[in-house]
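Only one structure is covered here, and it is reproduced in the block below.
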Amino acid sequence: MGLQVYNTLSKSKEEFVPLVPGKVRFYVCGVTVYDHCHIGHARSAIVFDVVYRYLRYSGYEVTYVRNFTDVDDKIIRRANAEGTDCPTIAQRYIAAFHEDMDALGVLRPDLEPLATENIDSMIRIIEKLVEKGFAYQSGTDVYFEVEKFPRYGKLSGRQLDDMIAGARVEVDVNKRNPLDFVLWKGSKPGEPTWESPWGPGRPGWHIECSAMGSRFLGNTFDMHGGGKDLIFPHHENEIAQSEAASGEPFVRYWLHNGFVNIDNEKMSKSLGNFLTIGEVLQRLHPEALRFFVLSKHYRSPIDFSDDSITEADKGLERLYGTLEAVKERSAAGRDETFPDKVLRSQDGELFDAIAAFPDAFREAMDNDFNTAQALGFLFGLQRHLQRYLDRFGQKKLKGPAAALALKGASAIREYSAVLGLLTREPEVFFAEQRKLKIGTTGLTEAEVERLIEVRNQARQARDFQEADRIRKDLEAKRIQLEDSPAGTRWRVVS
RNA sequence: GGCGGCAUACCCAAGUGGUAAGGGAGCGGUCUGCAAAACCGUAAUUCAGCGGUUCGAAUCCGCUUGCCGCCUCCA
């Protein structure tokens with residue numbers, strides 16, 4: 001069985017069959033660039049990054065588009081507040097977004113279109129909608145008339161009547177139906193403006209994604225992703241506009257990721273429990289944030305807390321710890337190759353675990369991107385590998401013994417790379433961890449290293465009382481020492 | 001009011017009809033000068049409760065309880 005994905009449209013898992021065999025056209029709603037991104041954006045970006053990576057790993061040729069909404073009320077407001085213009089604001093936060101994504105190891109999509117560079121496409125769709133009678137001009141605005149589109153509500157599972165009955169639908173005298181949404185807004189003084197058949201103005205939010213999606217991926221494309229909160233109205237409206245205009249189905253599979261809560265509360269600016277990606281990366285390794293996100297299924301809500309990120313941190317360190325051990329202990333014999341029979345004779349259990357791993361990993365990922373299960377399998381392989389290393393005590397591995405260990409390590413790295421994890425050399429990772437956390441201890445790296453040096457001299461002189469005293473002092477400052485034949489390592493514990 | 005989701009060991013979490021993965025914490029052991037890390041062992045006769053379908057259910061159906069999200073800009 002191949003890839004199964006949960007499709008919001010059918011509310012069930014479906015076999016993924018791309019429109020064109022071997023190719024996937026994939027669109028994800030990007031961000032509105034008016035402020036720094038928060039960890040909710042990070043989750044969405046990481047989740048769909050893994051979808052992208054896994055599709056490519058599975059052999060698909062993927063065209064991945066993620067837009068920037070760079071014209072919007074919030075951007076205008078911010079520009080006015082700062083006495084500058086919208087492009088300045090947009091460019092600043094696009095740069096910040098890229099900085100965050102790069103730090104998180106989120107791959108750049110194949111295309112990152114800007115709304116403001118696709119106004120013509122939007123106008124053409126709106127023209128077609130007016131022509132076909134799905135849209136009407138009212139004053140200086142143009143609206144989509146939801147009652148003209150019978151399938152309205154099919155994604156979010158709502159009935160028009162139910163929605164109107166809800167108390168929170170805004171009343172607007174310009175609209176024929178309160179649920180009609182704006183396609184084109186007549187401009188007010190001081191706002192960015194484009195010429196159009198309906199006078200100067202700017203596009204509504206929903207039409208942007210319809211236009212960029214169809215322009216770069218065609219009238220019908222395979223996958224569209226975004227946060228759960230976009231299901232209604234944004235994605236519902238995209239479907240209505242696009243399908244009304246083209247007369248073709250818009251998207252085959254809709255994927256939506258769950259929210260991030262903070263200490264079991266919804267993250268929001270009004271609650272003040274808002275964490276930007278930049279803030280979190282001040283104290284948490286980017287791969288640990290990734291690990292945290294991927295340790296739970298992408299559609300479920302996830303709770304960000306000190307405990308949950310500490311767990312993620314420890315899990316990652318365990319994985320990297322084994323990679324480091326392999327690297328240190330298997331230096332010799334790196335270039336030698338041995339037949340499987342020879343490798344298997346070193347340790348049948350490890351050899352078989354390595355051989356069985358790819359299918360297990362794929363099975364997990366094929367099941368609607370079950371990264372949590374995939375991670376579980378990764379730990380299984382890690383344990384086999386570490387157990388194998390431990391069999392040799394402190395001895396260095398050579399020849400086929402080393403080759404088997406290296407084979408295990410490269411299996412771990414190959415598949416964790418599909419998750420965007422374990423992408424660094426282990427010693428680089430641990431050095432980054434120390435650098436990140438040393439600030440919370442009140443010491444500097446140099447001070448710690450000097451104390452370790454003093455302690456090791458004491459140990460050499462067999463003055464264990466002094467050595468243990470230094471270690472205890474460091475421990476009190478949350479610095480943990482590990483003695484090994486390769487020397488003394490240290491880390492900051494949470 | 002409408003729509004949808006969730007409830008699995010101390011905590012996090014996978015499991016979607018065949019007899020409970022994994023991680024963290026704890027406890028015991030191995031290793032170690034002692035530690036730490038790692039490894040080994042240990043933890044749910046049971047999956048919110050009740051009823052039903054089935055040879056068989058955490059998994060399907062119904063009801064009950066509790067929690068959460070969306071319906072307004074939102075990842």
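When reading the values below, keep in mind they use all heavy atoms of this one structure, side chains included, and skip hydrogens, waters and symmetry mates. As the structure is a prediction and not an experimental result, all values here were calculated from the model.
- Looking at residues two or more places apart in sequence or on another chain, you find a ring pair (Phe, Tyr, Trp, His ring centres under 6.0 Å) between A:Phe26 and A:Tyr64.
- A cation-pi arrangement is absent between A:Arg43 and A:Tyr298 under the rule of less than 6.0 angstrom and at most 45 degrees off the ring axis.
- The side chain of A:Asn367 contributes no N or O atom lying less than 4.0 Å from OP1 or OP2 of B:U16.
- An OP1 or OP2 oxygen of B:C34 is reached within less than 4.0 angstrom by no side-chain nitrogen or oxygen of A:Gln465.
- Judged as a ring pair (Phe, Tyr, Trp, His ring centres under 6.0 Å), and not counting sequence neighbours, the contacts of A:His285 are A:Phe429.
- Annotation for A:Glu363: atom CD does not count as buried by contact number, only 12 or fewer foreign heavy atoms lying within 6.0 Å.
- In this structure, A:His98 and A:Phe68 have perpendicular ring planes: the angle between them is above 60°, well past the 30° mark.
- In this structure A:Tyr415 satisfies the ring pair (Phe, Tyr, Trp, His ring centres under 6.0 Å) test together with A:Tyr57, A:Phe357, A:Phe361, sequence neighbours excluded.
- Side-chain proximity of A:Leu230 to the nucleotides B:C74, B:G22, B:A38 is greatest for B:C74.
- A:Arg391 comes within 4.0 angstrom of no nucleic acid atom, judged by non-hydrogen atoms across all strands.
- Across the protein-nucleic acid pair, A:Trp254 atom CH2 and B:G4 atom P stand 19 Å apart, rounded to whole Å.
- Within the 4.0 angstrom heavy-atom criterion, only backbone atoms of the sugar-phosphate kind lie near A:Gly157; the bases stay farther away.
- A tilted orientation is assigned to the rings of A:Phe250 and A:Trp254, their planes being inclined by 30° to 60°.
- Residue-to-nucleotide contacts include no donor-acceptor pair under 3.5 Å from the side chain of A:Asp161 to the base of B:G2.
- With hydrogens and angles ignored, a donor-acceptor pair closer than 3.5 Å exists between the side chain of A:Arg471 and the base of B:A35.
- Among the atoms of the strands shown, base atoms are found under 4.0 Å from some heavy atom of A:Gly258.
- Nucleotides B:C60 and B:G5 place their P atoms 12 Å apart, quoted to the nearest Å.
- Among the protein residues, A:Phe259 comes within range of the nucleic acid bases, having at least one heavy atom under 4.0 Å from a base atom.
- The CD-C1' distance, from A:Gln394 to B:A38, rounds to 11 Å in whole Å.
- Contact annotation for A:Asp307: no contact, since no heavy-atom pair falls under 4.0 Å across all strands.
- B:A9 and B:G15 have their C1' atoms separated by 15 Å, with the value rounded to a whole Å.
- The 5' end of RNA chain B is approached more closely, in terms of each residue's nearest nucleotide, by A:Pro301 than by the other of A:Ser44 and A:Pro301.
- Across all strands shown, A:Arg469 has no heavy atoms under 4.0 Å from either base or sugar-phosphate atoms.
- Among B:A14, B:C70, B:A75, the nucleotide with an atom closest to any side-chain atom of A:Arg158 is B:C70.
- Residue A:Glu191 places its CD atom among more than 12 non-hydrogen atoms of other residues, nucleotides or ligands, all under 6.0 Å distant.
- Between B:C40, B:C73, B:A37, one nucleotide has an atom nearer to the side chain of A:Lys74 than all others, and that is B:C73.
- Looking at residues two or more places apart in sequence or on another chain, you find no ring pair (Phe, Tyr, Trp, His ring centres under 6.0 Å) involving A:His297.
- Between A:Lys11 atom NZ and B:G4 atom C1' the separation is 8 Å, expressed in whole Å.
- Atom NZ of A:Lys472 sits in a sparse spot, with 12 or fewer heavy atoms from other residues, nucleotides or ligands closer than 6.0 Å.
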May I have the step-by-step check of side chain to side chain contact (heavy atoms under 4.5 Å, CB included) for A:Leu443 and A:Leu474, ending in yes or no? CA-CA 9 Å; A:Leu443 291 172; A:Leu474 285 169; 3.9 Å; yes
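- One P atom belongs to B:G62, the other to B:U53, and the distance between them is 15 Å to the nearest Å.
- The separation between A:Lys228 atom NZ and B:C71 atom P is 14 Å, rounded to whole Å.
- Atom pair A:Tyr152:OH and B:C71:C1' shows a separation of 11 Å (rounding to whole Å applied).
- If you run ring pair (Phe, Tyr, Trp, His ring centres under 6.0 Å) between A:His38 and each of A:Phe274, A:Phe97, A:Phe259, only A:Phe274 comes through.
- Looking at heavy-atom distances under 4.0 Å, A:Gln382 makes contact with sugar-phosphate atoms alone, never a base.
- Between the P atom of B:C70 and the CD atom of A:Glu236 lies a distance of 17 Å, rounded to the nearest Å.
- Proximity note for A:Arg383 (side chain, C-beta onward) versus B:A14, B:A38, B:G23: the nearest is B:G23.
- For the pair A:Arg299 and A:Trp205, nearest-nucleotide mapping onto RNA chain B gives the more 5' position to A:Arg299.
- Residue-level contact check: A:Gln480 touches the backbone only, with heavy atoms under 4.0 Å from sugar-phosphate atoms and none from bases.
- Residue contacts shown for A:Leu481 include a base, since a base heavy atom lies under 4.0 Å away.
- The CZ atom of A:Arg329 sits 12 Å away from the C1' atom of B:A37 (whole-angstrom rounding).
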Starting at the 5' end of RNA chain B, write a dot or bracket for each base, bracketing those in Watson-Crick or G-U wobble pairs whose two distances are under 3.5 Å and using | for partners on another strand. ((((((((.[[[..)..(...]]].(((((.......))))).....[[[[[..)....]]]]])))))))....
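- Look at CG on A:Asp368: it is 9 Å from P on B:G15, rounded to the nearest Å.
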For each nucleotide in nucleotides 24-30 of chain B, reading 5' to 3', give B when a protein heavy atom comes within less than 4.0 Å of its base, S when such contact involves only the sugar-phosphate, and - otherwise. SS-----
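- Nucleic acid contact for A:Gly227: sugar-phosphate only, since backbone atoms but no base atoms lie under 4.0 Å from a heavy atom of the residue.
- Residue contacts shown for A:His38 include a base, since a base heavy atom lies under 4.0 Å away.
- In the displayed structure, A:Glu82 atom CD is contacted under 6.0 Å by more than 12 heavy atoms of other residues, nucleotides or ligands.
- Using a 4.0 Å heavy-atom distance criterion, A:Val260 is classed as a base contact.
- Backbone-only engagement by A:Ser156 is indicated by non-hydrogen atom pairs under 4.0 Å involving sugar-phosphate atoms exclusively.
- OP1 or OP2 of B:C40 has at least one side-chain nitrogen or oxygen of A:Arg387 nearer than 4.0 Å.
- You cannot call A:Phe377 stacked on the base of B:G22; the centres under 5.5 Å and planes under 30° rule is not satisfied.
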